[in-house]
Amino acid sequence: MAVLNEEQTMLKDMVSQWVRDQMPVSVARGLYDHSGGGRRDAITGFDKDAYAEIAAMGWSGILAPEAHGGSDFGAFSLGFVLEELARTLSPLPLLSSAMIAVSALRLGGNAAQQSAWLTGLADGSIIGTLAVDEGAHHAPHALSLSAARVENGWRLDGIKRPVADGMGAGLFIVAARGDDGATLLLVPADTAGLTREPLDQIDARRPAMLRFDGVVLGDDAMLGQGEPLLSAILDRAYVGQAAELLGLATQAFETTLDYLKTRVQFGQLIGSFQALQHRASDMFGELQLTRSAVEAALAAIDADDPQLPSLASLAKAMANETAHRITCEMVQLHGGIGMTHEHDAGLYLKRSRVAEQAYGSSSFHRERWARLNGY
């Protein structure tokens with residue numbers, strides 16, 4: 001585990017306290033009730049008031065430059081905020097907006113685009129998200145949505161799905177297929193010809209399906225072209241999602257460990273059974289290895305390390321597999337109660353399965369890592 005400086009320690013303590021007080025697992029459980037009750041918005045799939053609250057504390061501006069209202073505190077700091085929020089499955093669009101959208105504008109945006117959007121993303125008044133996938137699997141280099149050149153601009157036709165946090169976003173960063181390869185465009189949610197509808201997931205969050213029916217944009221909507229820019233943005237997405245998976249898996253492990261220390265069976269604590277001790281030890285070891293990979297990838301973002309693509313895929317592949325195993329063990333080691341909706345175990349398993357597929361499965365990232373390393 002990396003050593004945090006004083007400011008980072010204060011931030012992590014503040015996030016941890018806020019999550020426990022304001023965003024318990026019961027908020028995520030409330031997502032399964034689509035009536036709109038409680039703290040959840042039935043359409044967006046997240047609580048706008050809660051997001052405004054964390055934005056007011058500066059968390060949405062951690063990556064944004066100070067000139068645009070952010071703190072420029074670094075990806076490493078945002079990473080452990082994402083990790084802490086994921087411990088309680090907090091359904092908030094911090095990854096989509098504060099990490100991915102802000103990174104996209106910093107990497108590709110010109111001065112006018114940054115002035116137009118970064119301040120709103122930093123203060124939470126605008127939520128941004130990346131629209132890249134078009135089907136069941138992450139395939140960023142096989143784009144079907146077309147970006148055709150028209151007079152003084154671009155025309156988009158096609159669909160994007162699933163788009164994380166897309167039902168509440170005000171800005172979409174859309175990856176499309178242009179004549180020169182990948183084309184990234186800034187598309188406000190109220191653009192004529194763009195429609196969206198909610199999709200259901202097993203974790204009860206509400207990503208969007210976007211339909212582009214002759215959407216026409218001006219030249220000022222162009223964020224950039226080429227695979228390098230798209231890949232750089234996606235590297236940040238991979239690492240941020242890995243940080244969330246690490247937080248989810250860490251809490252699933254700690255909850256299970258507490259159960260092993262309190263559940264009595266056959267007159268003994270089940271944690272005294274050697275077979276269960278071995279399983280717990282294996283999980284702990286995997287968590288520590290995964291933490292090393294995730295922290296190395298976050299540090300690589302801040303250092304502008306050329307090894308970031310390889311480290312990002314390593315972190316995402318390891319986080320996928322660790323979260324998958326630990327959430328399975330969580331259900332099994334809790335026994336019958338772990339199979340019930342009333343227990344948290346099932347919620348962690350379902351969220352894990354969605355996050356594992358988001359921005360690339362383990363097989364996608366193993367293959368990408370091997371290709372990047374010459375295998």
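There is a side-chain donor-acceptor pair under 3.5 Å between R20 and Q17. No side-chain N or O of E84 forms a donor-acceptor pair with one of W18 less than 3.5 Å apart. Using modelled atom types, one finds a donor on one side chain and an acceptor on the other under 3.5 Å when comparing Q241 with E244.
Checked for salt-bridge contact, E342 and R29 miss the test: no charged N lies under 4.0 Å from a carboxylate O. Between D219 and R149, at least one side-chain N (NZ, or NE/NH1/NH2) sits under 4.0 Å from a carboxylate O, which counts as a salt bridge. Note on E321 versus R325: no salt bridge recorded, every NZ/NE/NH1/NH2 to OD/OE distance being 4.0 Å or above.
L194 pairs with exactly one of L156, V215, D213 by the side-chain contact (heavy atoms from CB on, under 4.5 Å) rule, that one being V215.
Judged as a ring-ring contact (aromatic ring centres under 6.0 Å, His included), and not counting sequence neighbours, Y348 has no contacts.
For the pair Q201/R206, no side-chain contact is recorded, criterion being any heavy-atom separation below 4.5 Å from C-beta on.
The closest donor-acceptor contact from the side chain of Q113 to the backbone of R106 lies at 3.5 Å or more, if one exists at all.
Note: H343 and H334 have tilted aromatic rings, judged against thresholds of 30 and 60 degrees for the angle between ring planes. Using the six-membered ring where Trp is involved, F273 and F266 have ring planes that are tilted, between 30° and 60° apart.
A centroid separation of 6.0 Å or more is found between the aromatic rings of H365 and Y359.
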Under the side chain to side chain donor-acceptor pair (under 3.5 Å) criterion, do E254 and T250 qualify, and how do the steps go? CA-CA 6 Å; E254 291 179 1; T250 300; 5.9 Å; no
Check: residues 173-180 side-chain donor-acceptor pairs under 3.5 Å, at least two apart:
| unit_1 | atom_1 | unit_2 | atom_2 | d |
| --- | --- | --- | --- | --- |
| R177 | NE | L143 | O | 3.3 |
| R177 | NH2 | S144 | O | 3.3 |

